[in-house]
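Contents: one structure, followed by commentary.
Remember, predicted model here, so these are calculated numbers, not experimental data. Labels below follow one simple rule: chain letters A, B, ... track the order of the sequence lines, proteins then strands, and each chain is numbered from 1.
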Amino acid sequence: MRILVVEDDAVLADGLKVGLGLYGATLDIVGNCADGRAALAADVFDAVVLDIMLPDGSGIDLLASLRAKGDRIPILLLTALDEVSDRIKGLDAGADDYLGKPFDLDELAARVRAISRRQEGRASSSVSHNGVTLDLARLTATVDGRDTIQLSRREFAILSALMERPGVVLSKADLEGRLYGWQEEVESNTVEVHVHKLRSKIGHSKIETMRGIGYRMRQTPS
Amino acid sequence: MKSLKHKLFLILVAATGLIWLGATCWIYVRTTRDVEDVLDSRLQEAALMVLSLAARSSVSAFESDASAAHASNFQIYQHQLSCQIWSLDGRLVARSTGAPNEILSVTRSGFSERAIKGETWRVFTAEDPAKNIRVLVGDRLGLREALVADIIKGLAAPMLLTIPLLALLIWASLTRGLQPLYTLAEDLMCRGADDMTPVPTENIPAEIQPMVRSLNNLLGRVQDALRHERDITAFAAHEIRTPLAGLRTQAQIAMTTADRSIRDTALRQIALSVDRTTRLVRQLLTIARLDSERRQPTKPVLVGDVVQEMLDALPPADRDADVTIDPVLQDTIVDTDPEALLLAIRNLHENAVRHMPRGGALRWSSEKLEDGTVVFVEDTGPGIPEDELTQVTNRFFRGRNKTAVGSGLGLTIAALALQVSGGQLCLRNRVGRSGLRAEMRWKYPPRPN
């Protein structure tokens with residue numbers, strides 16, 4: 001899951017990057033509204049964690065302008081202003097959820113998962129396809145009802161990307177986008193390495209390689 | 001509470017009543033005089049008429065026919081006038097019906113007044129020595145007064161009747177005239193406590209306009225004050241809760257992760273965050289102290305010493321700027337409180353250092369002005385956007401060019417510290433290059449003339 005965080009406090013931003021990273025998400029951090037707007041225009045994210053009081057304006061305005069353009073990206077407002085009236089204002093402006101500072105990291109991760117899941121039209125926190133069930137909260141998978149398999153952060157990122165839209169082929173670049181934020185250096189064969197590890201954990205046949213195009217989940221039981 | 005309506009009503013009714021009373025008095029006086037004139041000339045005419053009639057016959061004719069005189073009846077206006085004819089030697093020759101037997105006047109001729117049996121008579125006397133008669137025609141003053149009284153009564157009756165009617169009319173007019181006030185009061189009563197929209201000035205009479213305008217002005221100021229308070233609360237919440245959120249998140253990471261390097265980084269971030277929060281708390285306490293402080297006693301302070309003292313005490317993190325101290329500061333003495341001056345200088349210095357790129361230059365100097373002294377620090381940072389210049393001294397305001405470590409309180413503290421020690425903070429962007437010039441101004445005390 002690729003998440004954009006718009007937050008200007010360095011310590012908190014770092015905490016979010018590392019903390020949500022532990023939950024298998026890839027984060028990009030920007031420090032103001034203008035950069036947030038630019039990032040959203042340039043890249044695809046699964047969710048946005050948005051601070052309200054930003055140096056160059058209000059996160060609410062950014063949110064409202066996104067909604068006015070018809071952008072339906074899941075947005076969670078993260079803010080020090082958590083009076084009821086502030087929350088109502090935020091939700092009415094088009095936020096999917098609202099969390100007051102300071103917050104529990106686990107709760108934030110769960111809420112971000114929830115809003116992006118709702119966006120995809122799912123109500124449960126796990127996805128299943130062709131015998132593979134992925135638990136999005138625990139970073140675990142079960143295959144054909146057998147024991148629970150613990151996945152690494154990167155493995156989870158690749159598998160969840162593939163399972164979100166099981167029929168769709170994702171290119172290596174797409175998957176790299178899921179694994180790395182902007183500042184991170186992409187190692188040339190990371191995707192191949194992690195797909196290989198994944199296959200050894202959940203079964204070789206579950207992921208198909210489309211030569212020269214990318215990867216996708218196999219459609220029928222083999 | 002005095003009712004304006006009641007007051008106006010009483011004034012109007014009393015004024016109307018007084019005017020009418022005055023008019024009535026005037027009419028009374030005029031009527032009395034007119035009636036006197038008319039009746040006097042009537043007396044005179046009647047007397048002369050009787051005299052000319054009597055002169056044609058002889059006194060003896062009257063005497064022989066006293067009863068005829070009775071019958072012929074010098075009865076004028078139903079006893080309003082009484083007439084006596086006397087011979088010059090003092091015999092009553094004839095008199096009209098109802099005229100008293102006693103002589104009406106002892107005056108020889110002309111007008112006179114005399115009391116007879118408790119009644120005062122006004123009499124005109126005319127005599128004809130040739131015929132040996134004297135004619136006296138008189139009327140009773142009481143009658144005259146009754147006539148005047150009748151006239152006044154005739155006037156006063158409708159007046160007395162119309163006074164309540166007029167009062168009613170005045171009351172109704174007042175009610176109607178004061179209606180806009182009642183409407184305004186009702187509108188204000190029905191207002192929500194946080195409704196600060198201006199009172200509409202249409203349909204409001206010109207007399208109340210100034211009041212409504214002042215009221216709107218007040219509403220505007222209250223709204224600004226409220227917004228300011230809300231802004232401060234919001235900024236404060238943000239500045240205090242954000243580091244706490246960072247602390248908590250990093251603490252959770254440190255607790256959760258098995259990766260040693262991630263945990264170490266998180267712990268370092270926690271230490272950093274605690275340092276910043278400590279600084280924030282220290283600043284908040286400083287502000288609380290400055291807020292409660294009254295104006296401090298001042299004494300002459302050598303600014304150069306204070307700047308040097310501040311530099312010596314500066315933490316290493318704030319030392320990597322190229323600092324120039326103009327020698328003129330060693331000759332600059334201002335009347336202030338040294339503690340407060342140190343606080344202001346330190347905060348301005350920190351603010352300048354933190355907003356400059358590494359290796360930026362800043363310069364402390366001073367100038368003499370016509371009416372005071374200005375001590376200033378110039379930096380080579382980005383300056384402050386013009387639209388934020390008035391806001392940066394607000395609590396927790398950080399603006400667009402904010403630093404990672406600031407709290408938005410440094411300039412607030414500098415401004416407050418100067419305020420309690422008789423100075424003033426003035427911020428402006430440098431002309432011709434980027435950078436901020438933060439000025440501390442002290443005015444000379446007014447010279448006694």
Side-chain angles (χ1 to χ4, degrees), chain A residues 5-25 27 29 31-35 49 51-60 76-83 85-87 89-90 99-110 112 138-139 150 152-153, chain B residues 194 230-259 261-277 280 355 382 384-385 387-388 391-392 396-408:
Chain A
V5 173
V6 188
E7 165 61 60
D8 60 329
D9 182 82
V11 175
L12 178 56
D14 174 83
L16 289 175
K17 191 178 170 77
V18 178
L20 289 179
L22 296 176
Y23 288 91
L27 275 88
I29 313 266
N32 58 48
C33 289
D35 291 350
V49 174
D51 187 18
I52 287 186
M53 293 180 75
L54 291 160
D56 61 342
S58 163
I60 301 253
L76 181 139
L77 282 177
L78 199 61
T79 176
L81 307 172
D82 65 348
E83 294 284 320
S85 62
D86 296 317
R87 272 180 265 167
K89 204 164 115 197
L99 201 55
K101 294 174 183 174
F103 48 84
D104 186 281
L105 189 58
D106 297 334
E107 183 182 359
L108 175 67
V112 170
R138 293 195 182 82
L139 275 67
Q150 189 68 46
S152 77
R153 203 164 73 75
Chain B
D194 52 352
R230 264 204 288 268
D231 281 355
I232 287 182
T233 314
F235 280 130
H238 184 257
E239 290 307 322
I240 294 165
R241 287 182 164 188
T242 300
L244 289 179
L247 271 176
R248 177 164 187 157
T249 308
Q250 297 287 1
Q252 268 191 289
I253 292 169
M255 288 188 295
T256 315
T257 188
D259 186 326
S261 75
I262 291 180
R263 186 168 58 234
D264 287 351
T265 312
L267 290 173
R268 266 197 302 278
Q269 294 278 8
I270 287 173
L272 183 69
S273 205
V274 167
D275 286 349
R276 274 186 213 161
T277 314
L280 175 67
H355 280 91
I384 297 174
D387 59 316
E388 289 179 354
Q391 290 173 274
V392 285
F396 298 109
F397 186 89
R398 293 180 67 187
R400 295 198 281 283
N401 293 339
K402 69 185 199 176
T403 59
V405 293
S407 60

Gap separating the NE2 atom of B/H238 from the CG atom of A/L54, nearest 0.5 angstrom: 7.0 Å
Between OG1 on residue B/T242 and CG on residue A/D8, distance to nearest 0.5 Å: 7.0 Å
Does any heavy atom of chain A fall under 4.5 Å from the side chain of B/A234, the backbone, both, or neither of them? both
Residues of residues 249-258 of chain B within contact distance of chain A, non-hydrogen under 4.5 Å: B/T249, B/Q250, B/Q252, B/I253, B/T256, B/T257
Pick one: which of A/V11, A/L12, A/D9 meets side chain to side chain contact (heavy atoms under 4.5 Å, CB included) with B/S273? A/V11
Interface residue of largest heavy-atom contact number with chain B, from A/L16, A/L108, A/D51, under 4.5 Å: A/D51
Do you know which of A/P102, A/G21, A/G100, A/P55 has the most heavy-atom pairs under 4.5 Å to chain B? A/P55
Which bit of B/I262 is near chain A, if near means a heavy-atom gap under 4.5 Å: side chain, backbone, both or neither? side chain
Hey, which of B/P243, B/A266, B/G246, B/P385 has the most heavy atom pairs under 4.5 Å with chain A? B/G246
